[in-house]
Novice: 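If you scroll down you'll find the structure; I have some questions about it.
Sequence lines set the chain letters: A, B, ... in the order given, protein chains first and strands last, and positions in each chain run from 1.
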Protein chains: 2
Amino acid sequence: MAIINNQFKIGQVAKLTGLSVKSIRYYHDIGLVQGKRNEAGYRLYSDADINSLNFIHQCRDLGFSLEHCQHLLSLNNNQQRQAENVRQLAIEHLAEVNQKITKLEKLKRDLEQMIGHCQGGKQSKCAILDGINKA
Amino acid sequence: MAIINNQFKIGQVAKLTGLSVKSIRYYHDIGLVQGKRNEAGYRLYSDADINSLNFIHQCRDLGFSLEHCQHLLSLNNNQQRQAENVRQLAIEHLAEVNQKITKLEKLKRDLEQMIGHCQGGKQSKCAILDGINKA
DNA sequence: CTTGACTCTCCTGTTACTGGAGAGTTTACC
DNA sequence: GGTAAACTCTCCAGTAACAGGAGAGTCAAG
């Protein structure tokens, strides 16, 4: 009963995870997921490595920085973890997301207002420029 | 009847515009607002330069990239401009802002949902990690 | 045995600056 | 007049998370 432990080269890993080869190399460089090397120096990734890379991919999609991904990954791999720690990270991240949204919505309102007042066309008078200049 | 044309040094300009000295130098380097130099090589800015810097500051606050700021500034300084061009830039920028908002709101929902399901505490079971892993 | 697909390691560029070193300039004060 | 503080200058490095590309080595198929 052999334990099958696949070793994938970076191109295969890219296809399996949806990450770019460049990203995977980058994660290697910064020590996030390193895998092994074969005799020729090619990077080799195990199933567990693939899982880690998928995990990171998901975290990135949720907007976490690589530093946070690092942290989350170590919590994910640690059976002694406390859910509260993960929760705190997520809550902090959510707060940042909310801040960004708030800021962008103000931009949105300001832009919409200016655009609404600008009649466009060939004239040089422009409510948008006026708005920017008077501010 | 002398025409008063003040020439400000970079530190004064920083105070007048609210920009950092570093930013002003950077705008100089990339050719955005250059002013003059005195004999000692110090940068000197006129009232018109200050206006341009204020204009850029406002555009930055509206989230425009420096490249867009450049473009808007040249439209602002061009009496032959057509308001439509400005309007188009603003509309495109607004579209980008809206895209970002949409993306962030999806992140917000996803994060809130996961956080809502995570009970936290000292246990290792964590709905957030589960959510990331299953995705 | 060669050709094409893959992989490797550098190096540069991206955006809009910030921080800092080392050196010259100006200003204020005694 | 001298000097010390404040200001300015030009590099250079770093930031986040990679992408693009050069030049060279490796591997599999025909």
Novice: So, is A/Arg43 close to the C/dT7 phosphate, meaning a side-chain N or O under 4.0 Å from OP1 or OP2?
Specialist: no
Novice: Name the residue closer to the 5' end of DNA chain C, choosing between A/Lys9 and B/Ala40 according to the nucleotide with the nearest heavy atom.
Specialist: A/Lys9
Novice: Taking heavy atoms of chain A and a 4.0 Å limit, find me the 5'-most and 3'-most nucleotide of DNA chain D within that range.
Specialist: D/dA17 to D/dC27
Novice: Evaluate B/Arg25 against B/Asp29 for salt bridge (charged side-chain N to carboxylate O under 4.0 Å, His left out), listing each step before the verdict.
Specialist: CA-CA 6 Å; B/Arg25 283 206 193 100; B/Asp29 289 347; over 6 Å; no
Novice: Should B/Glu96 and B/Lys100 be marked as a salt bridge (charged side-chain N to carboxylate O under 4.0 Å, His left out) after you check the CA-CA gap, both sets of side-chain angles, and the distance that decides it?
Specialist: CA-CA 6 Å; B/Glu96 287 171 23; B/Lys100 286 185 189 171; 5.7 Å; no
Novice: Nearest-Å distance, NZ (A/Lys22) to P (C/dT14)?
Specialist: 16 Å
Novice: B/Arg25 CZ to C/dG19 C1': how many Å, rounded?
Specialist: 12 Å
Novice: With a 4.5 Å heavy-atom cut-off, do B/Ile56 and B/Arg60 have their side chains touching?
Specialist: yes
Novice: When the distance from NE2 of B/His68 to P of C/dT15 is rounded to whole Å, what number comes out?
Specialist: 11 Å
Novice: Among C/dT25, C/dT18, C/dT9, which is the nearest nucleotide to the side chain of B/Tyr42?
Specialist: C/dT25
Novice: Would you classify A/Arg60 as touching base, sugar-phosphate or nothing, given that sugar-phosphate means primed atoms plus P, OP1 and OP2, and contacts are heavy atoms under 4.0 Å?
Specialist: sugar-phosphate
Novice: Would you kindly give the CG-to-C1' distance between B/Asp61 and C/dC17, to the nearest whole Å?
Specialist: 15 Å
Novice: Quick check for you: to the nearest 0.5 Å, what is the distance between B/Leu73 atom CG and B/Tyr27 atom OH?
Specialist: 11.5 Å
Novice: Rounded to the nearest angstrom, tell me the gap between atom CG in B/Leu19 and atom C1' in C/dT18.
Specialist: 14 Å
Novice: Taking for each residue the nucleotide of DNA chain D with the nearest heavy atom, is it B/Arg37 or A/Ser23 whose nucleotide lies nearer the 5' end?
Specialist: B/Arg37
Novice: Nearest whole Å is fine: how far is C/dT15 P from B/Ile56 CD1?
Specialist: 16 Å
Novice: To the nearest angstrom, how far is B/Asn38 atom CG from C/dT25 atom P?
Specialist: 10 Å
Novice: Quickly work out the B/Asp29 CG to C/dT14 P distance and round it to whole Å.
Specialist: 15 Å
Novice: Judged by modelled atom types alone, do B/Glu92 and B/Gln88 share a side-chain donor-acceptor pair under 3.5 Å?
Specialist: no
Novice: Drop me the distance from B/Leu53's CG to B/Cys69's SG, to the nearest 0.5 angstrom.
Specialist: 11.0 Å
Novice: With a 3.5 Å cut-off and no angle check, do the side chains of A/Ser46 and A/Asp49 form a donor-acceptor pair?
Specialist: yes
